[in-house]
Amino acid sequence: MLTTKPRGTNDIIPGEVEKWQYIEDVIRDVCRIYGYREIRTPVFEHTELFKRGVGETTDIVEKEMYTFKDRGDRSITLRPEGTASVVRAYLENNLHAGPQPVKLYYIGPMFRYDRPQAGRYRQFHQFGVEVLGAHSAGIDAEVMAMAMEVYRRLGLKDLELHINSLGCPECRPKFRSSLQEFFRPRLEEFCPTCQDRFERNPLRILDCKNKKCRQLAAGAPAILDCLCDRCAAFFEEVKRHLEELGIDYIVDKNLVRGLDYYTHTAFEVMAKGIGAQSSVGGGGRYNGLVEACGGKDTPGIGYALGLERILLAMEQQGVEFPPPWRPDVFVVTASPQAEYAAFKLLAELRNLGYRADKDYNGRSLKAQMKYAGKLNARYTVIIGENELENGTAVVKDMITGEQREITREKIPEIIGR
RNA sequence: GUGGAUAUAGCUCAGUUGGUCAGAGCGCCAGAUUGUGGCUCUGGAGGCCGUGGGUUCGAGUCCCAUUAUCCACCCCA
């Protein structure tokens with residue numbers, strides 16, 4: 001127990017963490033270019049926020065939240081996703097009082113009590129963006145374009161962008177009831193889950209993975225056929241914007257986001273070959289959410305991707321990562337008397353900005369060289385009794401094996417930069 | 001929450017139908033005549049064979065439970 005991490009969590013250790021840093025760097029670059037600014041919210045919130053913001057009927061709220069009472073008897077929940085917190089922060093910090101829209105992004109850990117499997121963990125990491133205070137097809141397309149740009153820069157290929165429209169509070173209820181009419185005659189034949197969904201959330205029956213349900217739902221009315229004129233026009237505009245950018249998409253009428261807050265655009269990005277959990281990101285418009293959280297009627301759209309899944313996909317596709325860390329210089333002592341001189345030289349090299357290191361385990365010269373080789377040091381600088389007397393050092397190129405004795409001030413001339 | 005598979009040194013794994021079965025490779029540490037890495041050779045450290053019961057004269061090797069991991073369902077990132 002003492003040496004075992006909690007189920008579904010992961011250590012990201014040196015060698016691995018560099019990949020994460022690389023991905024995060026790419027993400028932050030894209031955010032800068034697109035005008036999104038970072039927001040950091042607490043990893044835990046009042047439970048009520050997620051119940052409201054994510055939806056009482058969702059699996060997340062019903063069975064996946066890490067909820068506990070703190071010492072003040074408040075119900076606290078580790079965030080299962082990012083949108084609710086961002087909306088809360090938008091309201092609490094009066095970001096709606098500034099210029100609109102507000103374009104935000106976040107990167108950080110999320111928590112869901114789920115059974116772990118490939119690409120799914122109890123603590124996982126998401127990058128997400130939220131745009132509050134804008135309702136236009138252009139911004140919807142921008143969010144999707146930005147997501148695709150992140151994937152592109154990371155070198156991911158063969159991704160599919162699925163899009164759909166969920167309508168608005170005007171046309172959704174009509175669609176909902178026509179769906180129910182369609183399902184009602186053969187309701188008993190659906191899986192228990194879908195029967196349960198029938199009243200609470202008939203839209204979700206559309207993306208049930210159960211074969212039988214899929215067959216039964218085959219001829220179901222499509223939301224796209226039930227959209228009101230304004231919603232239909234908006235969806236066309238979104239598609240037109242994507243086309244202008246040359247972004248391929250697949251209209252997927254079975255793509256749904258279950259909650260009432262979700263409106264209009266919904267999208268999801270799929271990757272093959274990373275296991276059953278093939279979604280590497282998804283998002284959509286939520287024009288009802290801010291109001292549901294106690295604010296004024298404010299349009300919003302967001303998107304999130306899972307860093308673990310991105311990493312899986314990158315590794316599966318054989319994407320090259322930047323080379324790992326290595327010292328520029330490794331300072332070696334050829335005699336115990338040289339210890340202080342070596343220690344001081346090390347400090348000087350670091351002051352000059354070199355990635356420099358030395359041995360601290362009292363190793364022999366040979367072992368120090370071996371160690372430097374293991375660390376993949378570019379150069380070694382050796383100081384022994386001779387060099388102490390002469391005020392010099394031996395600089396050795398660890399790739400060519402060449403070495404020469406020079407005065408210590410000239411070391412930068414040899415090793416460059 | 002449901003189902004399947006797996007659990008032997010830091011890592012990847014061997015261990016036959018229960019009776020020297022506690023091993024190999026890699027990694028780690030140290031040497032190969034006294035100031036030098038990457039190749040080679042030699043040696044060393046390191047395992048309560050996931051944990052707890054049971055069967056047996058005797059169990060990594062069979063049975064049960066438990067925990068963890070992996071994969072899938074559900075759902076999602």
Side-chain angles (χ1 to χ4, degrees), chain A residues 1 3-10 13 54 57-64 79-83 107-128 147 191-194 196-197 201 204 207-211 213 255-258 268-271 274-283 302-313 330 332-338 359 361-388 393-403 405:
Chain A
M1 225 32 187
T3 53
T4 310
K5 60 189 181 330
R7 180 161 213 201
T9 62
N10 287 110
I13 59 179
V54 180
T57 64
T58 57
D59 279 11
I60 290 178
V61 169
E62 283 184 342
K63 52 186 200 190
E64 294 175 5
R79 64 182 183 192
E81 57 97 51
T83 304
I107 302 181
M110 305 293 165
F111 307 85
R112 290 184 203 172
Y113 191 88
D114 222 346
R115 191 106 171 239
Q117 72 183 73
R120 194 174 69 191
Y121 309 96
R122 289 185 173 178
Q123 175 175 338
F124 61 102
H125 298 78
Q126 282 189 337
F127 152 66
C191 71
T193 316
C194 281
D196 188 47
R197 287 165 172 154
N201 202 338
R204 290 217 66 88
D207 69 347
C208 183
K209 309 297 187 294
N210 186 301
K211 273 184 191 165
C213 295
L255 178 62
V256 280
R257 300 269 114 136
E268 190 164 348
V269 182
M270 319 286 276
I274 60 170
Q277 310 303 321
S278 60
S279 169
V280 291
Y303 163 81
L305 65 77
L307 297 187
E308 282 83 356
R309 289 188 189 173
I310 294 294
L311 195 53
L312 270 180
F330 192 88
V332 170
T333 53
S335 144
Q337 284 79 354
D359 167 66
N361 282 13
R363 280 182 242 250
S364 67
L365 170 60
K366 193 183 180 93
Q368 289 179 66
M369 292 305 292
K370 209 170 192 172
Y371 181 49
K374 293 254 175 60
L375 293 181
N376 202 17
R378 182 67 185 76
Y379 292 93
T380 46
V381 174
I382 306 164
I383 301 181
E385 288 182 49
N386 298 340
E387 292 75 15
L388 267 185
V394 171
V395 177
K396 175 166 185 173
D397 184 322
M398 294 296 274
I399 293 174
T400 64
E402 291 166 15
Q403 63 180 53
E405 182 173 347

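In what follows, chains carry the letters A, B, and so on, assigned in the order in which the sequence lines appear, proteins first and then strands, with residues in each chain numbered from 1. Keep in mind that what you see is a predicted model, and the values were worked out from it rather than measured.
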Problem set entry | Qualifying residues under side chain to side chain contact (heavy atoms under 4.5 Å, CB included), relative to A:Pro116, sequence neighbours excluded | A:Arg7, A:Arg122
For this session: Using the P atom on both, measure B:A72 against B:C29 and round to a whole Å.
Result: 38 Å
Seminar exercise, completed: Regarding the side chain of A:Gln126, the nearest nucleotide among B:C70, B:A77, B:C74 is B:A77
Seminar exercise, completed: Assert: residue with more 5' nearest nucleotide on RNA chain B, out of A:Asn386 and A:Phe124, is A:Asn386
Exercise. Using the P atom in both, what is the distance from B:A65 to B:G10, to the nearest Å?
Worked result: 29 Å
For this session: Could you run through nucleotides 36-41 of chain B and give me one letter per nucleotide, 5' to 3': B if any protein heavy atom sits under 4.0 Å from the base, S if only the sugar-phosphate is that close, - if neither?
Result: BBB---
Exercise. For A:Glu387, which contact category applies under a 4.0 Å heavy-atom criterion: base, sugar-phosphate, or nothing?
Worked result: base
Exercise. Reckon A:Ala118 touches a base, only the sugar-phosphate, or nothing at all at heavy-atom distances under 4.0 Å?
Worked result: sugar-phosphate
Problem set entry | Nucleotide B:G31, atom C1' - distance to CZ of A:Arg363 in whole Å | 15 Å
Exercise. Hey, does A:Gly8 reach any base, or is it just sugar-phosphate, or nothing, if we go heavy atoms under 4.0 Å?
Worked result: sugar-phosphate
Give every pair of a protein N or O atom and an N or O atom of nucleotides 3-8 of chain B that lie under 3.5 Å apart, one pair per line with the distance.
unit_1, atom_1, unit_2, atom_2, d
B:G3, O6, A:Arg115, NH2, 3.2

Kindly list each side-chain donor-acceptor pair under 3.5 angstrom involving residues 364-378 of chain A, sequence neighbours excluded, with atom names and distances?
unit_1, atom_1, unit_2, atom_2, d
A:Ser364, OG, A:Ala367, N, 3.1
A:Gln368, OE1, A:Thr333, N, 3.0
A:Gln368, NE2, A:Thr333, O, 2.9
A:Gln368, NE2, A:Thr333, OG1, 3.3
A:Gln368, NE2, A:Arg363, O, 3.1
A:Arg378, NH1, A:Asp397, OD1, 2.7
A:Arg378, NH1, A:Asp397, OD2, 3.3
A:Arg378, NH2, A:Asp397, OD2, 3.4

For this session: Please determine which of A:Gln126, A:Gln123, A:His125 meets the side chain to side chain donor-acceptor pair (under 3.5 Å) test together with A:Glu308.
Result: A:His125
Seminar exercise, completed: Residue set satisfying side chain to side chain contact (heavy atoms under 4.5 Å, CB included) with A:Ser335, at least two apart, ordered chain then number -> A:Gln337, A:Glu385
For this session: Using whole Å, report how far CD of A:Glu308 lies from C1' of B:C70.
Result: 17 Å
Problem set entry | Each stem that RNA chain B is part of, given as range with range (3 or more consecutive Watson-Crick or G-U pairs, under 3.5 Å) | B:1-7 with B:67-73, B:10-13 with B:23-26, B:28-32 with B:40-44, B:50-54 with B:62-66
For this session: Could you check whether A:Val280 gets within reach of a base, just the sugar-phosphate, or nothing at all, counting any heavy atom under 4.0 Å?
Result: sugar-phosphate
For this session: Using the P atom on both, measure B:G47 against B:G1 and round to a whole Å.
Result: 36 Å
Seminar exercise, completed: A:Arg120 CZ to B:U2 C1', in whole Å, measures 12 Å
Exercise. With a cut-off of 6.0 Å (strictly less than), are more than 12 heavy atoms of other residues, nucleotides or ligands near CD1 of A:Ile399?
Worked result: yes
